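First comes the structure, then the notes that go with it.
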Amino acid sequence: MSNTLAPLKGQANMPNYDEARANFSWKEVEKDFSWHKTGKVNMAYETIDRHAETWRKNKVALYYSDDDRDEKYTFQDMKFLSNQFGNVLRNIGIEKGERVFLFMPRSPELYISLIGTLKIGAIVGPLFEAFMEQAVRDRLENSDASVLITTSDLLPRVPYKELPHLKHIILADEGDAPDVDKDTTFHRYELEMSKASSDLDIEWVDREDGMILHYTSGSTGKPKGILHVHNAMLQQYQTAKWILDLKEDDIYWCTADPGWVTGTSYGIFGPWLNGTSNLIRGGRFSPENWYGTIEKYKVTVWLSAPTAFRKLMAIGDDATKDFDLNSLRHVLSVGEPLNAEVIHWGTKVYNLRIHDHWWMTETGGIIIANYPSMPMKPGSMGKPFPGIHAAILDNEGNELPPGQMGKLSVKSGWPSMLRNVWKNEERFNKYFPVKGFFESGDLASKDEDGYFWFEGRDDDVIQTSGERVGPFEVESKLVEHPSVAEAAVIGKPDPVRGELIKAFVALKDGYTESEELQEELRLFVKKGLAAHAAPREIEIRDFLPKTRSGKIMRRVLKAWDLDLPTGDLSTMEE
Ligand code: 6R9
């Protein structure tokens with residue numbers, strides 16, 4: 001193999017890929033967990049309490065740092081605090097299976113609440129703090145959430161008066177808020193925690209019971225609630241062990257927010273299932289505080305996204321010279337294609353390979369990866385995890401030979417596979433157009449050596465700065481503006497963000513194009529939906545291309561915009 005990078009030095013947890021693949025069995029992995037003995041399980045127990053019952057009880061589970069706080073919590077601290085939070089929920093009558101949503105900035109309270117929610121068997125729903133009213137409403141409405149934990153700053157974006165199921169709001173800070181508002185009762189986190197016991201009978205659940213709901217965007221319709229169950233732990237544990245290569249002395253840092261699946265599967269579950277010390281950094285991105293964080297905490301394993309690495313690359317190599325980054329031994333990237341250029345830069349400035357890997361909200365855990373022990377081909381996502389069969393299929397569901405691009409699919413039945421789309425069985429079934437296979441919506445190819453290469457999305461979903469944005473949500477918001485008749489939104493290749501959001505807008509009669517109007521539309525999306533969803537480019541057009549059935553043809557706009565062939569136009573309206 002030419003143009004490969006040699007494996008990392010030192011003993012990896014997974015020594016040899018082919019051997020691991022040949023001998024792998026999920027049944028063996030199961031033996032590490034309590035259901036092996038009792039038939040019941042609980043993710044919160046396996047991540048926290050299990051370690052608190054061993055010598056690890058005084059080991060630091062969570063290092064938390066932001067511009068104002070610098071704290072640490074042992075596995076025992078986390079056990080008692082999450083017990084207390086579980087009791088807070090029980091004291092207000094919350095039961096197994098109810099949806100408890102989190103809408104707050106990263107803080108120790110967020111992680112304690114999340115674990116505490118799982119302890120009583122409730123289903124947790126983490127939301128990005130950047131969400132604006134519409135995004136919050138869609139998710140709380142669809143999930144019929146009964147509890148929301150938030151802050152007084154974010155409360156104005158929660159239309160609780162119009163959410164009949166939302167019975168309780170727990171405020172994690174001391175800011176202003178009403179006590180009771182007709183149907184919603186407000187509580188104070190600190191006060192309720194101080195009244196709650198730190199003893200709790202865990203709700204032992206079945207492996208197939210609901211655990212977490214992650215809303216994600218598709219190319220059409222409202223965001224979908226992807227449901228994962230406690231059984232996901234099998235995969236999150238084993239992939240964290242072999243791909244993140246977590247070892248007893250590691251200080252692990254995943255930069256993702258829990259509003260994104262990476263921030264839970266590998267920001268919480270994977271590392272804690274392995275008993276690893278987990279660093280959480282709040283606040284905003286700046287190269288100084290990122291490198292400063294690695295230096296200060298002597299981070300050993302670091303997981304981030306291509307946008308972050310591209311930003312760090314853009315500020316130049318000198319930035320690394322001011323910091324001691326020698327503690328790093330393993331670096332990983334996920335969320336978008338990782339350019340080979342960035343990997344080569346990484347080997348120069350960190351003296352390490354950046355390990356790209358592929359998965360998605362729906363898969364719950366990593367599916368394809370570059371392993372520390374395996375030679376790396378820069379630009380490739382790596383090989384499927386042992387025990388998982390990934391394939392490149394054609395439209396009929398036949399496996400394609402090496403070198404051909406097709407639909408990246410996964411043989412169904414892997415442990416952390418989505419179990420449903422909340423209240424939308426029909427959408428769930430659409431993920432399985434070919435019997436026995438999950439269709440990811442990505443296009444990829446596989447080479448002669450079994451390495452997978454990402455080619456693009458099969459639909460219109462946009463990946464911008466590591467965030468997945470559904471064009472439909474942005475279009476819907478734009479169309480709410482009084483001046484907008486129609487809108488179409490596409491992702492446009494961008495060297496730093498992966499893709500940037502571009503909107504094409506047809507104005508209503510009586511409105512004319514102006515820079516002020518464009519700026520107003522941008523702000524309108526930013527305030528109504530989320531800053532990362534606001535279009536960077538807006539182009540006003542007289543009309544938008546449509547199919548005969550009235551669907552706006554984003555792919556045609558994209559082709560026009562990028563000067564590419566438009567493909568089949570047979571369905572286009574005259
Ligand atoms: C974990 C996560 C999933 C989509 C996925 C694909 C893109 C993720 C990638 C990648 C190229 C990689 N994606 N990892 N594309 N190379 N290594 O990102 O989940 O937010 O659901 O996004 O992200 O298009 O289908 P999610």
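Keep in mind the model is a prediction, meaning the values are calculated, not measured. First listed ligand is number 1; within each ligand, the first listed atom is number 1.
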Would you mind listing which atoms of ligand 1 come within a distance below 4.0 Å of any non-hydrogen atom of [X]?
| X | value |
| --- | --- |
| Q463 | 4 (C), 22 (O), 23 (O) |
| D356 | 12 (C), 17 (N) |
| H357 | 12 (C), 14 (N), 17 (N) |
| M381 | 16 (N) |

How far is [atom] from the closest protein heavy atom, and which atom is that?
| atom | value |
| --- | --- |
| atom 11 (C) of ligand 1 | P337 N, 3.1 Å |
| atom 3 (C) of ligand 1 | M360 CB, 3.4 Å |
| atom 12 (C) of ligand 1 | E336 O, 3.3 Å |
| atom 25 (O) of ligand 1 | R457 NH1, 2.6 Å |

Margin query: Using a 6.0 Å distance limit plus a 45 degree cone around the ring axis, check whether K411 lies over the aromatic ring of F437.
Written below: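 No.
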Checklist line | Test: R139 cationic atom under 6.0 Å from F131 six-membered ring centre, within 45° of axis | finding: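 Yes.
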Going by atom types only, do [X] and [Y] share a side-chain donor-acceptor pair under 3.5 Å?
| X | Y | result |
| --- | --- | --- |
| S416 | H228 | no |
| Y431 | N429 | no |
| E109 | S107 | yes |

Under 3.5 Å: N/O of [X] near N/O of ligand 1:
| X | value |
| --- | --- |
| E362 | no |
| T262 | no |
| W260 | yes |
| G335 | yes |

Next item on the list: Would you kindly specify which portion of D442 sits under 4.0 Å from ligand 1, judged on non-hydrogen atoms: side chain, backbone, both or neither?
Entry: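 Near ligand 1, D442 shows its side chain, while the N, CA, C and O stay back.
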Check: Should the proximity of R468 to ligand 1, defined as any heavy atom under 4.0 Å, be assigned to the side chain, the backbone, both, or neither?
Finding: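 Contact part for R468 vs ligand 1: side chain (C-beta onward).
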Notebook entry, point to check: Hey, does S440 sit under 4.0 Å from ligand 1 if you only count heavy atoms?
Noted result: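 It does not; every heavy atom stays at 4.0 Å or beyond.
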Next item on the list: Give a yes/no verdict on whether any heavy atom in G441 is under 4.0 Å from an atom of ligand 1.
Entry: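 No, that is not the case, since the closest heavy atom of the residue is not under 4.0 Å from the ligand.
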Note to self: Is the shortest side-chain heavy-atom distance between I392 and F452 below 4.5 Å?
What the structure shows: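 Sidechains of F452 and I392: in contact.
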Margin query: Less than 4.5 Å apart, side chain to side chain, heavy atoms only: is that true for P7 and Y371?
Written below: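 They are not in contact (no side-chain heavy atoms under 4.5 Å apart), so the answer is no.
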Margin query: Just to verify, which of Y297, W290, Y63 counts as forming a ring pair (Phe, Tyr, Trp, His ring centres under 6.0 Å) with W253?
Written below: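 It is W290; the other options fail the test.
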Note to self: My understanding is that only one of F24, F438, W26 makes a ring pair (Phe, Tyr, Trp, His ring centres under 6.0 Å) with W414; could you say which?
What the structure shows: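 Single ring pair (Phe, Tyr, Trp, His ring centres under 6.0 Å) partner of W414 among F24, F438, W26: F438.
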Note to self: Counting only heavy atoms, tell me which of W359, Y266, W358 gets closest to atom 1 (C) of ligand 1.
What the structure shows: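 Heavy atom nearest to atom 1 (C) of ligand 1 belongs to W359.
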Item checked: Candidate pair V489 and I501, rule side chain to side chain contact (heavy atoms under 4.5 Å, CB included), full reasoning -> CA-CA 7 Å; V489 166; I501 300 177; 3.5 Å; yes
Item checked: Contact summary for S113 and L102, nearest pair of heavy atoms ->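 For S113 versus L102, the nearest heavy atoms are CB-CD2, 3.8 Å.
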